[in-house]
Amino acid sequence: MELKGTIKQMEWDTINIKLSKDVGYIQFNRTQEKNTINNRMISEIEEAFKLYEKKCRVFVFEGDEEYFCFGADLNAITENNQLNKLEEQNPERLYNLWNHMIFSNCIMVAYVKGTVNAGGIGFICACDIVIASESATFSLSELLFGLMPAMVLPFLIRRVGYAHAKYMALTTKLISAETACKWGLVDVCCDGANS
């Protein structure tokens, strides 16, 4: 990781950060776990904002070719409940992070390739601009586990309206990038875009 200027260098476990002039690129880096969200990822993004928000005008969130972000790390949550020794899950921190993204003075951009599910939808809905490859797909899977996507819904409704948000929550079906663009979840749908 090469950071320009006098910005402090850090080691990151769940994200990669690259700075180019006044643009900060935050890439989810939990490839083996489908870029799922855990407490460490939330902490590292919070820390990245503390370090770089005053130096950047734009932040670009990226995943990898297969997964942008697949939502909460259910394995970590299960282990927390069974072993009762890992740090407690706190959904309020993630909700507050998305709120911070919405009200930040920086422009937040999501560059999406691959699959976006559950909490990953929260991340893109917290962004000002969403650019997706034509092969990207979007879904909310919470109802498959008997849950409602309560944290994501306020952000999703803000972005696509009540009817489309309800459809995604109740059907759990994948929607294409083309449909996501028609609904307003995605602003630009194209292949071959440079990140």
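Values in this document were obtained by computation on a predicted structure and should not be read as measured data.
Using modelled atom types and a 3.5 Å distance limit, the side chains of N117 and S139 yield a donor-acceptor pair. E66 and T115 are not linked by any side-chain donor-acceptor pair at a separation below 3.5 angstrom, with hydrogens and angles left out of the test.
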Working for side chain to side chain contact (heavy atoms under 4.5 Å, CB included), residues K54 and N105:
CA-CA 9 Å; K54 290 183 181 175; N105 289 328; over 6 Å; no
Checking K34 against C69 for the side chain to side chain contact (heavy atoms under 4.5 Å, CB included) test, could you report, in this order, the C-alpha distance in whole Å, the side-chain angles of both residues, the deciding distance, and whether it holds?
CA-CA 6 Å; K34 301 179 181 179; C69 176; over 6 Å; no
Take Q27 and I15, measure what side chain to side chain contact (heavy atoms under 4.5 Å, CB included) needs, and give me the verdict at the end.
CA-CA 5 Å; Q27 182 181 33; I15 59 175; over 6 Å; no
I would like to know whether F61 and F68 meet ring pair (Phe, Tyr, Trp, His ring centres under 6.0 Å); could you show each step before the answer?
CA-CA 9 Å; F61 284 83; F68 175 80; 7.7 Å; no
Taking it one step at a time, do R57 and I107 satisfy side chain to side chain contact (heavy atoms under 4.5 Å, CB included)?
CA-CA 6 Å; R57 294 178 63 199; I107 298 168; over 6 Å; no
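In this structure, E142 contributes its side chain and L147 its backbone to no donor-acceptor pair below 3.5 Å. Distance alone, capped at 3.5 Å, is enough to place a donor-acceptor pair between the S176 side chain and the T179 backbone.
Using a 4.5 Å heavy-atom threshold, the side chains of I121 and F155 count as separate. By the 4.5 Å heavy-atom criterion applied to side chains, L185 and V130 are not counted as neighbours. For the pair R30/D73, a side-chain contact is recorded, criterion being any heavy-atom separation below 4.5 Å from C-beta on. In this structure, the side chains of F59 and Y52 come closer than 4.5 Å at one or more pairs of heavy atoms. Between L140 and T172, the closest side-chain pair of non-hydrogen atoms is not below 4.5 Å. Side-chain contact between W12 and I45 is absent, with no heavy-atom pair separated by less than 4.5 Å. Residues M101 and F123 have side chains in contact (heavy-atom distance under 4.5 Å, counting atoms from C-beta outward). The side-chain heavy atoms of D22 and K55, taken from C-beta on, include no pair separated by under 4.5 Å.
For the atom pair CD1 (I175) and CE (M168), the distance works out to 4.0 Å, reported to the nearest 0.5 Å. The NZ atom of K18 sits 12.5 Å away from the CD1 atom of I26 when rounded to the nearest 0.5 Å. For the atom pair NE2 (H164) and CD1 (I157), the distance works out to 12.5 Å, reported to the nearest 0.5 Å. With rounding to the nearest 0.5 Å, the separation of CD1 in I42 from CG in L94 is 4.5 Å. One finds the NZ atom of K173 at 14.5 Å from the OG1 atom of T137 (value rounded to the nearest 0.5 Å). For the atom pair NZ of K21 and SG of C56, the computed distance is 13.5 Å after rounding to the nearest 0.5 Å.
Pairing each heavy atom of G184 with each of V160, the nearest pair is C-CG1, 4.0 Å. In terms of heavy-atom proximity, A118 sits nearest to V152 at O-CG2, 3.6 Å. Considering every non-hydrogen atom in both R159 and D187, the closest pair reads NH2-OD2, 2.5 Å. When all heavy atoms of F138 and A132 are compared, the closest pair comes out as CZ-CB, 4.0 Å. The nearest pair of heavy atoms linking T31 to N35 is N-OD1, 3.5 Å. Among all heavy-atom pairs drawn from I131 and C190, the shortest one is CG2-SG, 4.5 Å.
Hydrophobic clustering keeps V109 apart from Y67 (ILVMFWY residues linked when any side-chain heavy atoms are closer than 4.5 Å, directly or through intermediates). Both I124 and F103 are assigned to one and the same hydrophobic cluster, defined by single-linkage of ILVMFWY side chains at heavy-atom distances under 4.5 Å. F70 and M151 fall into different hydrophobic clusters, where Ile, Leu, Val, Met, Phe, Trp and Tyr are joined by side-chain heavy atoms under 4.5 Å apart, directly or via other members. Side-chain heavy atoms closer than 4.5 Å link hydrophobic residues (I, L, V, M, F, W, Y) into clusters, and following such links, possibly through other members, connects V188 to V60.
Summarising the local packing, CD of E178 is surrounded by 12 or fewer heavy atoms from other residues, nucleotides or ligands at distances under 6.0 Å.
Between E62 and K113, none of the side-chain N atoms (NZ, or NE/NH1/NH2) sits under 4.0 Å from a carboxylate O, so this pair counts as no salt bridge. The pair R40-E44 meets the salt-bridge criterion, since a charged nitrogen lies less than 4.0 angstrom from a carboxylate oxygen.
The aromatic rings of F49 and H100 lie tilted to each other, with the angle between the two planes from 30° to 60°.
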